[in-house]
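Notes to accompany the following structure.
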Amino acid sequence: MNSELLQALDMLEKEKEISKDILFTAIEDSLKAACREHLNKECPGKYENVVVEMDRETGDFHCSYEREVVEQEDDVEDGSLQISLDEAIKITPSAVPGDVISTEIDSMEFGRIAAQRAKNVILQKIREEEKSSVYNLYKDKIGQVVTGIVQRYVGSTININLGKADAQLTEKEIVPEENLRLTERVKVYILGVPETKKGFKILVSRTHANLVRKLFEEEVTEIRDGTVEIVGVAREPGSRTKMAVRSNEPDVDPVGACVGQSGSRVDAVVAELRNEKIDIVEWDENPGNFIQNALSPAKIVAVFADPEEKTAKVVVPDYQLSLAIGKAGQNARLAAKLTGYKIDIKSETQAKDAPGFRYEDYLDDDEYDEEDYGEEYGSEEYASDEYAEDEYGEAYEEPIEEYGENSENEAEEFPENEVEEMME
């Protein structure tokens, strides 16, 4: 019987990842409960002095309860805690008042109710420890990406099965217009594992910018080993993402490393994000260069950046204004989030009559140095409600590369005359 018990404990430890010591403790607690139930039938009392000892090697156990020896029968106030000297001598002949007498309990005498109580205590402990084990497992995975299976829809929330637990993908963490089908495998970013009155719940996201970051970490070896670093990510879920990268090795092209041979690496991320467009730009410590890169694929004439005010004035060719702004202002808006600069974009024609958009406006300043400011852009102001996740103060030089569906030039969708009307 004991060997079967040990085998069962070994199996529980392996399958449920619950320590065997915890299981032994649960059995001891259950036996104590059964002992109290059994003893209360014979002599009602608290029996807080029940002792159960279990051998971790053999599985053997012994149950007993302890009582203090008192002089006379009349001195016994609680039969579950005290015993008269006359009764104590029958158990231990050398007993004297003040001694503690231990009385063995035969577990074979336990009734059905006592045995059922012991079983319930063990099962309850196993459930508690299983929940605690799962909680600790996913608590350690906060900020990581895991793969789950779409299990069911509960109102506007989607339950994602992660294997050992279900996670909740709430409405605000679901990518707009992303239709997740039942039984479909998806990757999600773990936001947190808050405890509630009913236990704990796992909150995940498909919209978080760090989902893009972590997906690239999985795909790009150079990011995992620290050769290439993701400086920041600005994202509009389901539509477009701009990501800034830099290399810690002079011979490694950070953009090329993220793109991969024939675009294999970035294509894998794009596929997971359901063809969300991804622009990869190189970070540069010069704010003007960084802003220029962030506004790609638009061509830039000039950028005048003010690092102290975190503002930039940008000039683009007339025919590039729509592209620089992007559809519904998306390109400029994401560039602002990525760089942390409030960007004011104007076309060359508009810049001629706009203060601060011409090189001449800065010639009277003895400290002006074109290399310090880079170039400038104009026509609309764009600021980020939230900056890209890392602090920059630096910039990017090379044009970004754009991946995903619909990555073609968007200028035709945003005619220049509409831009002018919008600015007015």
Side-chain angles (χ1 to χ4, degrees), residues 1-137 164 199-200:
M1 180 65 179
N2 290 342
S3 62
E4 294 178 359
L5 173 63
L6 294 175
Q7 289 177 2
L9 294 180
D10 287 335
M11 187 177 298
L12 281 171
E13 183 178 42
K14 183 178 180 180
E15 292 182 356
K16 304 292 186 181
E17 296 184 358
I18 302 174
S19 169
K20 194 185 293 185
D21 285 336
I22 293 176
L23 294 173
F24 274 120
T25 301
I27 294 173
E28 289 174 345
D29 290 342
S30 69
L31 289 172
K32 287 180 182 179
C35 287
R36 294 190 184 100
E37 185 75 22
H38 172 69
L39 293 172
N40 265 310
K41 287 184 177 181
E42 299 181 352
C43 180
K46 297 180 179 179
Y47 291 98
E48 295 177 351
N49 49 353
V50 171
V51 177
V52 175
E53 296 178 349
M54 192 167 190
D55 191 311
R56 266 56 171 166
E57 299 296 329
T58 64
D60 294 334
F61 62 89
H62 300 280
C63 303
S64 63
Y65 68 104
E66 298 176 341
R67 291 176 289 177
E68 181 184 0
V69 179
V70 295
E71 186 73 36
Q72 302 293 332
E73 184 70 31
D74 295 339
D75 296 332
V76 177
E77 298 178 357
D78 186 341
S80 67
L81 301 175
Q82 298 170 320
I83 185 173
S84 67
L85 180 60
D86 291 341
E87 291 295 324
I89 290 175
K90 295 178 182 179
I91 301 173
T92 305
S94 60
V96 296
D99 284 353
V100 175
I101 298 296
S102 180
T103 305
E104 288 285 331
I105 304 172
D106 186 358
S107 61
M108 297 299 293
E109 297 179 358
F110 289 174
R112 180 182 61 82
I113 295 177
Q116 184 63 40
R117 182 182 292 272
K119 176 184 176 182
N120 290 339
V121 171
I122 293 175
L123 293 176
Q124 179 63 25
K125 187 66 175 179
I126 290 175
R127 283 193 292 267
E128 289 176 358
E129 290 302 321
E130 186 176 9
K131 288 181 179 179
S132 178
S133 175
V134 173
Y135 171 78
N136 291 330
L137 172 64
K164 294 187 176 181
F200 69 92

- Task: Please check if the side chain of Ser30 supplies one atom and the backbone of Ile27 the other of a donor-acceptor pair under 3.5 Å.
- Result: yes
What pairs of donor and acceptor atoms, side-chain ones from residues 87-99 against any protein atom, are under 3.5 angstrom apart with sequence neighbours left out?
| unit_1 | atom_1 | unit_2 | atom_2 | d |
| --- | --- | --- | --- | --- |
| Glu87 | OE2 | Lys90 | NZ | 3.4 |
| Asp99 | OD2 | Val96 | N | 3.1 |

- Note on the structure: Distance col, row Leu85:CG vs Glu71:CD, nearest 0.5 angstrom, shows 6.0 Å
- Task: Give a yes or no on this: more than 12 heavy atoms of other residues, nucleotides or ligands lie within 6.0 Å of atom NZ of Lys131.
- Result: no
- Item | Arg56 with Glu28: basic N within carboxylate O range, under 4.0 Å | yes
- Write down the atom of Glu104, the atom of Cys63, and the distance for their closest heavy-atom approach. OE1-O, 3.3 Å
- Message: For Glu53, give me all partners under side-chain hydrogen bond (donor to acceptor under 3.5 Å, both in side chains), at least two apart in sequence or on another chain.
- Response: none
- Query: Taking the side chain from Thr25 and the backbone from Asp21, do they hold a donor-acceptor pair closer than 3.5 Å?
  - Reply: yes
- Query: Can you tell me how far the OG atom of Ser132 sits from the CD1 atom of Ile22, to the nearest 0.5 Å?
  - Reply: 7.5 Å
- Tightest non-hydrogen contact, residues Lys32 and Val52, listed as CG-CG2, 3.5 Å
- Between Leu31 and Phe61, the two heavy atoms sitting closest are CD1-CD1, 3.7 Å
- Give the minimum heavy-atom separation between Asp55 and Phe24, together with the two atoms involved. O-CE2, 4.2 Å
